[in-house]
Structure formats: structure tokens, C-alpha cells
Protein chains: 2
Amino acid sequence: MQNHDTRHEDLSMDAWVRLQRASTAVLERVEARLKAAGFPPLGWYDVLLELRRAEDRSLRPVEIERHTLLAQYNVSRLIDRIAAAGYADKKKSPEDGRGIKVCLTRKGETLLEEMWPVYREAVQREFAEHMSDSDMKTISSILKKLVSQSVK
Amino acid sequence: MQNHDTRHEDLSMDAWVRLQRASTAVLERVEARLKAAGFPPLGWYDVLLELRRAEDRSLRPVEIERHTLLAQYNVSRLIDRIAAAGYADKKKSPEDGRGIKVCLTRKGETLLEEMWPVYREAVQREFAEHMSDSDMKTISSILKKLVSQSVK
DNA sequence: TGAAAATATATGCAAGTGCATTTAAAAATC
DNA sequence: GATTTTTAAATGCACTTGCATATATTTTCA
């Protein structure tokens with residue numbers, strides 16, 4: 001019925017707008033802290049972290065694409081930038097002639113180690129500090145429902 | 001204490017990463033629906049909506065800047081694009097020689113009306129449908145704490 | 001008042017992103 | 001096993017964004 005639908009819709013749009021505003025605002029502040037400390041953007045960290053977590057500290061671009069939310073062409077170019085900066089190497093894939101392997105370098109590992117405390121503190125100050133542990137558990141479990149739907 | 005801190009940190013990072021992933025993923029899907037329907041990006045809608053809400057359906061760029069999370073130079077250029085497409089007019093501000101007034105046009109109002117059902121359905125399908133009304137109330141109230149801190 | 005500081009907007013340039021397409025190799029199909 | 005289809009990665013081009021700065025105007029205040 002009209003009234004009920006309207007209330008539900010208001011609720012949805014309100015939550016939606018807040019989600020977008022909050023995540024954008026907090027991301028900007030976290031990125032600003034990283035930049036202020038002289039570090040590259042968070043996207044670099046994400047990629048390097050995935051590399052470190054991987055089997056032999058290397059991944060194919062197509063795998064990075066799946067781990068992150070990046071488009072194929074963005075992965076391709078982000079990798080170029082990261083490699084140009086010396087944090088990873090691009091090697092030919094031994095098992096697939098089309099592919100390459102992106103390998104974490106020692107310099108990349110060092111960057112991860114150096115960025116971590118700054119990143120951790122940024123998230124703490126700009127995000128975690130503003131809510132309780134139980135709030136964080138709550139939003140984690142609610143937001144999980146949104147991300148899981150995206151698995152291709 | 002070590003153990004306690006570590007658990008708290010895991011909780012923070014987990015919630016943080018989920019917030020970023022979820023909001024990015026859902027935003028992309030909503031934007032994709034708008035684009036598929038032949039509409040401009042959500043940012044245009046946001047600006048036009050602010051104009052419609054305003055006193056005489058017009059705002060100064062500096063006010064748009066405050067209502068959205070856009071940087072000054074981005075507002076300036078976004079307005080140019082919106083005006084070039086005929087959805088708003090740029091007029092000299094009568095009371096401030098430095099400023100301009102951005103006025104919603106009839107065409108802009110029409111765009112808002114046409115985009116709304118598509119936008120509403122996109123948010124419904126990509127976001128609201130995946131959670132309960134009480135989930136939405138919960139995340140709204142938790143995320144409010146993050147945005148409010150940003151008021152300059 | 002008149003110089004200095006602050007505010008509003010615009011813009012050149014470099015860097016990042018989206019889209020469409022290209023190239024090359026692997027997999028599937030017949 | 002040759003041909004078609006699919007997959008991996010790169011790239012040219014147009015558009016968007018970020019940064020620094022320019023320009024004009026208003027505000028402040030000595």
C-alpha cells in the first residue's frame with residue numbers, strides 16, 4: 001500500500017545515500033593520510049597485499065582483477081605503474097603464453113611494511129574510532145550480503 | 001593488551017574493507033543501470049536534485065560544493081557539462097560579483113523526473129532488496145556517525 | 001580609505017579512467 | 001588438425017580528475 005511503500009523507499013534511499021557518503025568521505029580522509037605520509041594510493045597497497053598473500057608472492061593480472069573490483073584495463077595499467085616504481089616485476093607466465101605473472105619485489109614488501117602502520121592508524125582514526133566494536137560487527141555482517149552477491 | 005588489540009584491529013579492518021567493497025560494488029551496479037537506460041551519471045542527478053530542493057531552484061557553486069562531496073574545481077567543471085547539456089543555466093550572481101548562480105532548467109526538471117524511477121529501482125534491486133528494513137535503519141544510524149564528523 | 005587577506009570561480013597541465021579495439025595464445029568444435 | 005570461439009593482456013582516444021595557479025571580487029582592518 002502507498003504509505004507503506006513510501007516509508008520503505010525512504011528508508012532505502014536514506015541508507016543508500018548514507019552508505020555512499022560515508023564510504024566516500026572516509027576513504028578520502030584515509031587516502032589523504034597516506035598521501036601526506038608520502039605513500040602511493042590505497043589501490044597500490046591492495047594489489048601488493050594480494051601479491052603477498054598469493055602462493056609464491058605473484059599473481060596473474062586476471063587474478064588481481066578478481067580479487068579487486070578493478071576493470072581489466074585498469075589492472076593492466078595499475079600494474080605498469082607499480083612495476084615502473086619497482087614494487088613488482090612483470091614476468092612471462094610459464095604455463096600460459098598469453099599471460100604474465102606479477103611478482104612482488106623486496107621493495108614492494110618493504111612498502112607494504114612501511115605503509116601498514118600508517119594505513120592502520122588512518123582507518124582507526126577516521127573510521128573505527130567513531131563506532132563501537134559491536135557497530136563494526138553489525139555493519140560487517142550486513143554489508144557482507146551486498147558483496148557476496150557480486151561473485152561472478 | 002596484545003590479544004585484545006589485535007582482535008579490535010581485525011574487526012576494524014574487516015568492517016572497513018567491507019564498507020569500501022560493498023559501497024563501490026553497489027554504486028557501480030546502480031550507475032550501470034542508469035547508463036544502460038541512457039542517463040547521465042549519478043553525480044548529475046545529485047546536483048540537479050540539490051538545485052530542485054533549493055529556494056528558487058538555483059544554487060551557487062560554492063553551495064553545491066558543500067552539499068556534495070565534490071572539490072571546487074570538480075563542481076566548476078561538472079556544472080559546465082550539465083549546463084552545456086541544457087539541464088541548468090549559469091547566470092551572474094546578482095549579490096556577489098565573483099559568483100554565479102546555477103539555475104535548474106525545465107529540461108533539468110524533466111531529467112530528474114525521468115531518472116527517478118530508474119534510480120529508485122536500481123537502488124531497490126542492487127541494494128535495498130538484499131537487506132531488511134531493520135538492517136537499513138541500523139546501518140543508517142551507524143554510518144551517520146561517520147558523515148557528521150565531516151561537517152566543516 | 002586603501003592595502004592586505006580571504007573568497008568565488010575558472011583553467012592549464014599531468015595523470016587516471018572508460019570504452020572500444022587490437023594482438024596473441026589457448027580451448028573448443030567440427 | 002584446421003577453424004572458430006574464447007580468454008589474457010595491452011593500447012589509442014576521449015573524457016574526467018587532481019593539483020597548482022590565475023583572475024576577479026569582496027571583506028577586513030590598520
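Naming convention: chains lettered A, B, ... in sequence-line order (proteins, then strands); numbering from 1 in each chain.
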**Message:** Does D:dA9 have OP1 or OP2 under 4.0 Å away from a side-chain N or O of A:Lys90?
**Reply:** no
**Message:** Just the rounded figure in Å: distance from P of D:dA9 to CZ of A:Arg66.
**Reply:** 9 Å
**Prompt:** For atom NZ of B:Lys91, is the number of surrounding heavy atoms from other residues, nucleotides or ligands below 6.0 Å larger than 12?
**Reply:** no
**Check against side-chain contact (heavy atoms from CB on, under 4.5 Å), A:Tyr87 and A:Leu48** = CA-CA 8 Å; A:Tyr87 301 122; A:Leu48 294 174; 4.0 Å; yes
**Message:** Whether A:Glu121 and A:Arg125 form a salt bridge (side-chain N of Lys/Arg under 4.0 Å from carboxylate O of Asp/Glu) is what I want to check.
**Reply:** yes
**Contacts of type ring-ring contact (aromatic ring centres under 6.0 Å, His included), residue A:Phe39, not counting sequence neighbours** = none
**Item:** Length of the line joining A:Ile100:CD1 and D:dT11:P, which is rounded to integer Å
**Value:** 10 Å
**Asked** Would A:Glu126 and A:Arg33 pass as an ion pair if we require N to O under 4.0 Å?
**Response** yes
**Message:** Is it the case that the side chain of A:Lys35 and the backbone of A:Val30 share a donor-acceptor pair, with hydrogens and angles ignored and the cut-off at 3.5 Å?
**Reply:** no
**Comparing B:Pro61 and A:Glu95 on DNA chain C - which has the more 5′ nearest nucleotide** = B:Pro61
**Complete:** Per the under-4.0 Å heavy-atom filter, residues of residues 75-87 of chain B near DNA chain D come out as B:Arg77, B:Arg81
**Item:** Side-chain (B:Thr110) to main-chain (B:Arg106) donor-acceptor, under 3.5 angstrom
**Value:** yes
**Request:** Using a 4.0 Å heavy-atom cut-off across all strands, classify B:Lys101 as base, sugar-phosphate, or nothing.
**Result:** nothing
**Fill in**
Atom OH of A:Tyr73 and atom P of D:dT16 are separated, to the nearest Å, by 14 Å
**Request:** Send over the distance from B:Asn74 CG to D:dG18 P, rounded to a whole Å.
**Result:** 5 Å
**Asked** Rounded to the Å, how far apart are A:Lys92 NZ and D:dA9 P?
**Response** 14 Å
**Residues touching DNA chain C, which here means a heavy atom under 4.0 Å, drawn from residues 45-57 of chain B** = none
**Nucleotide D:dT17, atom C1' - distance to CG of B:Leu69 in whole Å** = 15 Å
**Request:** In whole angstrom, give the distance that lies between atom CD of A:Glu63 and atom P of D:dT7.
**Result:** 16 Å
**Asked** When you list every nucleotide of DNA chain C with an atom under 4.0 Å from a heavy atom of chain A, which one comes first 5' to 3', and which comes last?
**Response** C:dG16 to C:dA26
**Message:** Just to verify, what does A:Glu63 make a salt bridge (Lys or Arg N to Asp or Glu O under 4.0 Å) with, not counting sequence neighbours?
**Reply:** none
**Fill in**
Rounded to whole Å, CG of B:Leu70 lies from C1' of D:dG18 at a distance of 13 Å
**Request:** Salt-bridge test for B:Asp14 and B:Arg18: reply yes if a basic N is under 4.0 Å from a carboxylate O, no otherwise.
**Result:** yes
**Residue pair B:Arg81 / B:Trp44, side-chain heavy-atom distance below 4.5 Å** = yes
**Message:** So does A:Gln124 get a backbone contact from the side chain of B:Ser12, meaning a donor-acceptor N/O pair under 3.5 Å?
**Reply:** no
Hey, what are the protein-to-nucleotides 23-25 of chain D N/O distances that come in under 3.5 Å?
none

**Prompt:** With no hydrogens and no angle check, is any side-chain donor or acceptor of A:Thr105 less than 3.5 Å from a backbone partner on A:Gly86?
**Reply:** yes
**Request:** List the steps and the verdict of salt bridge (charged side-chain N to carboxylate O under 4.0 Å, His left out) for A:Glu65 and A:Arg60.
**Result:** CA-CA 9 Å; A:Glu65 205 183 322; A:Arg60 307 261 313 255; over 6 Å; no
**Message:** Does B:Lys35 reach a base, just sugar-phosphate, or nothing at all? Heavy atoms under 4.0 Å.
**Reply:** sugar-phosphate
**Message:** If you compare all heavy atoms of B:Leu51 against all heavy atoms of B:Ala88, which two are closest, and at what distance to 0.1 Å?
**Reply:** CD1-CB, 4.2 Å
